[in-house]
Structure formats: structure tokens, C-alpha cells
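Okay, so here's the structure we're looking at.
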2 protein chains.
Amino acid sequence: MPTIKDIAKRANVSTATVSYVINNTRYVSPEKRERVERAIKELNYVPNAVARGLRVRRSKVISLIIADIANPFYPDLAKACEETAKKEGYTVTIMNTNDEQGSLPKAISQLREGTVEGLIVTTALNTDVPFLEQLLQEGYPIVLAHRCPEMDIDTVMADNFQGGFEAANHLIELGHAKIAFMRGVQHSPIDATRTLGYKKAMELAGFHILEEWLPTGLANYEKSYQECMRLLELPKDKRPTALINIGDIGALGAIDAASDKGLSVPDDLAVIGFDDLFLANLRSVQLTTVRMPRFEIGQRATERLIEKMKNRTDSRKLQVTLPVELIKRKTCGWKK
Amino acid sequence: MPTIKDIAKRANVSTATVSYVINNTRYVSPEKRERVERAIKELNYVPNAVARGLRVRRSKVISLIIADIANPFYPDLAKACEETAKKEGYTVTIMNTNDEQGSLPKAISQLREGTVEGLIVTTALNTDVPFLEQLLQEGYPIVLAHRCPEMDIDTVMADNFQGGFEAANHLIELGHAKIAFMRGVQHSPIDATRTLGYKKAMELAGFHILEEWLPTGLANYEKSYQECMRLLELPKDKRPTALINIGDIGALGAIDAASDKGLSVPDDLAVIGFDDLFLANLRSVQLTTVRMPRFEIGQRATERLIEKMKNRTDSRKLQVTLPVELIKRKTCGWKK
DNA sequence: CTGAAAGCGCTAACAC
DNA sequence: GTGTTAGCGCTTTCAG
């Protein structure tokens, strides 16, 4: 591995000059520049980013912290981050926390350790708030994406309340009164906010919500399948005729549960999901769902992060809420 | 940001001692150790990984290069890598190349720049081979996962030939003779190998393969949908009665095309995919598919990489081929 | 216009 | 048992 010294020697200039041509950071005479460039080619030299990072404290990488890489929600968000970051010369690195409590601190240490310059966090459980606040206080650039935080921090998210509200309302308009809402992971403000929207719609319609109608499906297939089974075994007068799941994948679990019970969707059970993942639109699925503007969330969050990295004194806290859209398909029995 | 010097001063020891307690790398008397630890707590000190990396040339991070983060194939592989790496104290960082030609070099520069110690590459197009060989020659630890390379390099992959062969053979046993095979991205040895397996099965059965039966569906939904449409518009005597797609997502595109043509799957068109993604098993999908051992591929690849990183003189090239499994479901008309 | 050299924070060889 | 210090590869100030 050649170093800057090797290049300097071979080109017969100082290391300073080499550095200047590499970074284009001050005038260098054409002849010297040429010699340096040739030496770099010949020795196949690549500057050591670690050494540079130590010196200038800029790694040009931002880290995207995601909760569950297996959740198809995130790839689009990640792609948007990458594209946006690339335009500004930044590289995005993805880190997966599995939504385990206590894994965020580990991800966060990347910042303190100096290997990354900024963080886009998509996974702030309420329990993580103290860590984030600490970091913020220390002046690190962080933005939350797709999380509604109970703190003063830059955030880009969707209108989750409205999502829960519209989903429930749509079902109400279709004539449902017994509507279940399968919740997600605990301590997630996103879950809380969507639930609030649902409750508001029910309240406005004058419908009472039974305790049993709010099981925890964790937005995953298995758990939602099981919980839906339980829901469908409720006595007739308590059994919901419609169900909202906090995620599309979970909604599919519920649909399969209904199917295994010999019930028809949407006739016996109407189902609505959240996210509008790719598979929601398959001919054989046609899931009604609340679309999240995933790409835009990633993009806006990245833009804001880069802004903050460039201008460290910018201490404003922007909170952006993007509109959601109810995509009406077949699983709720809606017909044009 | 406190540095090791601040800790040393506060604990009234040398920086060496601080380093020794942090890394547990030689005996330190209990009192001093205690003082150091207290100072670390009090100042909320985190060692700078960049500086350490510069010194010891080990970042303890390995990078996973994937072709397309939106392809649900990769998350499982990535999870396996993470789990395996974590056990050994390594962190995994994911980088997405979008299977663009020329994006691998960029990913690779991470190695040369010293920010990562080793690479798991899931995306070696044939056109990337020269880069990999160069790197290998320079002694960097790299292993290929889920790629069959035409070069001498550590590799963990599935038996793609067998996959193509079994898929075709299954259809042949079910009575099909006109079987199409929708291919993936160009220059992918994986695609080539699976195609070979399919051709072999057809040959053994004595069936001729029409040129038109080998369209490029790129394993994606849209393209596969279009190409399948075209296939279904072929004159009756040329129209395939069965189709294999190089990926499950592509298979879904084909199924939806059939559906839009008013054809029934599997009666008018039998369909087999590759991968056995989560959605292949949905009640409303039930896609027959060739399961890839994704988790195991990630695990074995990571193990091998770490082995090589620990023992830089190990120049053996292991090539592991894991068995695939044909998962028989409903889209090919198979019945117990 | 260019070069010498200090120093980023850390580790580890060497000295005591 | 512990401390001193050189040096990892780079950038950038300061001097010329």
C-alpha cells in the first residue's frame, strides 16, 4: 500500500503538494501536478480515508439506522437516502438494530467514534429518547425519519394520525362498526399516533371500542395471524367485521387467518394495512392500505441531515409531516 | 470530546495505562484501573475509532455489498451476516450498488481506504471480475456470496444448476413440454448456470427450446409482466404452457400477466420461481419455487471471511455449494 | 508558488 | 507495574 510519501518521493515534490493536487485545494504548477498524477497512477495509490478522517474529522459517510432490514418498508427509504446523499458526495451505510432495546446505543457509538458524520434514525423507541437527547446536546447531526418523537429534534415523518383516522373512517363509511386495530411494537410513538387516529374516528362515529379489538400484531405475519385467529373466535356480537393492521405484512397474516377460518375477505372481514408495499398491489392480494411516502421521507431526511452537517451552527429543529394517502383496493370491499 | 489524554490527566496516569485498561491488554493495578474507569465515566469518554484504526489498521467492520436492497432476497442474507459477525465482535455495514456496472469499484475502495477490513460481495457481474482479482492479489480478504464466479476466489453459493434442472424437470414430470425460462440480468453467472440446468433437463427429455422462450425478465415484476404478456400472445403451437422465472418477484409478474389475459394459473400456465421469498407462501399466492438457503449462505460466507481476516496467510480458496430445494406449491398444478 | 513540519488520537515497543 | 514516546497517513499552517 503506497502512502502519500511514496507519491511525493516518486514525483519529486513534497507531501503537501501531493495533498494539494489530490484535494484540489490550492494552485499547483502544471508540471508538478502532472508528475504527481502520473505517480498516483503508476503506484495505484488510494488515499487512506482513515488517516484523512483523523485529520479533518470528516468521513463523508452517513449512517442509516433501521429497525428491521427484513421489513420491505425500508429499502425504498434507504434508496432515497443513498441517491440524495450521493449527489452531495456522501456515502450511506446501513445498520440494522432489530428493534431490540439497547441496540441503538451501539449504533450511535459510530458517531462518537468518528466513523460516521451524521445519523438518520428510523427507529427511535421511546426508550431511546435519552440517548438521542444526549447526542443532540453534544452537537451531533441527527435526524429522525418515519418516527414521531416526543422531543425536540429534526424529523421527517408521515401524518400517522390522519392515516389511522382515514383508515377507520373509510371502514365506517362502508358500514362497519366493529373495527379492530392490530397494534405494532410497544413504545413506538408511530403506533400510538395511528391508534389515536383510529380512536378518534370511532369516537366521532359514536362507536365503542372493545378492549379485545386492540391486540398486538407487531406488524408481522405470524403474530398477526395468531391474533386475528383469536379475534375471529370472539362471540358473534363482539367479533369485528373489519380490521386495520399497523403494517401490510401483518394485514396479510390477518387475511390468511380469515382464509384458514373459511371466512371471506372482504365480505366477512374487511382488512386495511399500512405502508402500501409492493405486494399490496398484486392481483391476488389487492390490499387496501394507507400509503406512506417512503421515498420522500428518505429524501427529505437526508437533505436536512446534510444541511445540518454543513452548517453545524444551525440549531433549528424542523419537523416535517408529509401527507398519507388511502389506497382503496379490494380487501375492504370498496367498489368504484 | 474528551481524548485519551484527558482521561490520563484526570486519572493521574499515563495515556498508555488508559489504553491498557480500555483494551485489557496488560496488567494494571486495581487502584489505577479503578481511577481510569471512573474518569471514563465522568467524562463520558468514547475512544476514537478512527485514530485507533489508523494505528492498528483494523476497523472491525466488514462490508456487505448487495446488488439491490429492494430485493427481498438480501435481508435474510444480511441478517445472517450480522449475527455471525457480531459473535466475533465485528460490525456489518451494508452497501447497495443497484447492480450498476462500475459501482463495484466504488464499494471496493472502502477496503483500500481502510474503513473496512473485509468484503462480502453478492454482486459480482462478470464485468467486475478484473477488479476482484486485483484486490485479491493485493491480499484483501473477500468472499463471494450467492455468486458463482469464473475465477479462483472463496465462494459460498447454492447449487444453481440443480435448481434450474429440478424446476424444469418437475414441470416435465407434470406433463409440460413447452416450458419458458425468463432470464435475469446479463453477465450474471448465476443466471447462466440456472439456465444451463433448465436446458439440460429439456435436452434429457428430448424437448426442443424455442428462442422465444428465453426472454429477459430481469427477475423484476414489471419486465416479467411484459415479457410474459408477449409469451402468451405467441401462436398456440408455440405458446408455453409453463414458465420458470429466475426470481419469485418476476414469477409474480408473470402470474399477474396470465391473470390479466384471463388465463388460469396453473391450468393454462404453470409457474415456478426462484428463492422462496416470504410472499411465495401466502395463501393467495402459493408459488412453487426453488428455495435458496439464504441464511446459511450469509452465515457461511461471513464465517469464512472472518477466518481469512484472522489468518491473512490463508490463501486457500474454498468454494462451497449448498443444496437447493424445490418447494412444491400450487402454481405449477402439483397435487399431493 | 512550494515545502517543512506539527499534530489529529491512539497503540505498543522500549525503557525504567 | 507503569510511563515515555515514536509514529500510523494525512492536511494545513507558517515560513520562505
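All chains are named by letter (A, B, ...) in the order of the sequence lines, taking the proteins before the strands, and each is independently numbered beginning at 1.
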Inset, instruction - Look at A:Asp154 together with A:Arg300 and state whether they make a salt bridge at an N to O cut-off of under 4.0 Å. - result: no
Inset, instruction - Pick base, sugar-phosphate or nothing for B:Val50, based on heavy-atom distances below 4.0 Å to the nucleic acid. - result: nothing
Inset, instruction - Give the ring-plane orientation class for B:His146 versus B:Phe73, where under 30° counts as parallel, over 60° as perpendicular and anything between as tilted. - result: parallel
Legend entry - Of residues 41-48 of chain A, the positions that come close to DNA chain D - non-hydrogen atoms, cut-off under 4.0 Å: A:Tyr45, A:Pro47, A:Asn48
Inset, instruction - Enumerate the residue pairs fulfilling side-chain hydrogen bond (donor to acceptor under 3.5 Å, both in side chains) with a member in residues 46-55 of chain B, sequence neighbours excluded, ordered by first and then second residue. - result: B:Asn23-B:Arg52
Inset, instruction - Just call it for A:Arg52: base, sugar-phosphate, or nothing, with non-hydrogen atoms closer than 4.0 Å on any strand. - result: sugar-phosphate
Legend entry - Basic-acidic side-chain contact under 4.0 Å: A:Glu117, A:Lys60: no
Legend entry - Interface residues of residues 22-34 of chain A with DNA chain D (non-hydrogen, below 4.0 angstrom): A:Asn23, A:Arg26
Show which side-chain atoms of residues 40-47 of chain B pair as donor or acceptor with protein atoms under 3.5 Å away, not counting sequence neighbours.
residue: B:Glu42; atom: OE1; partner: B:Arg10; partner atom: NH1; Å: 2.1
residue: B:Asn44; atom: ND2; partner: A:Glu138; partner atom: OE2; Å: 3.3

Legend entry - Electrostatic pair B:Lys79-B:Glu82, nearest N-O below 4.0 angstrom: no
Legend entry - Boundaries of the chain A footprint along DNA chain C (any atom under 4.0 Å from a heavy atom): C:dC1 to C:dG9
Legend entry - Boundaries of the DNA chain D segment in contact with chain A, non-hydrogen, under 4.0 Å: D:dG9 to D:dC14
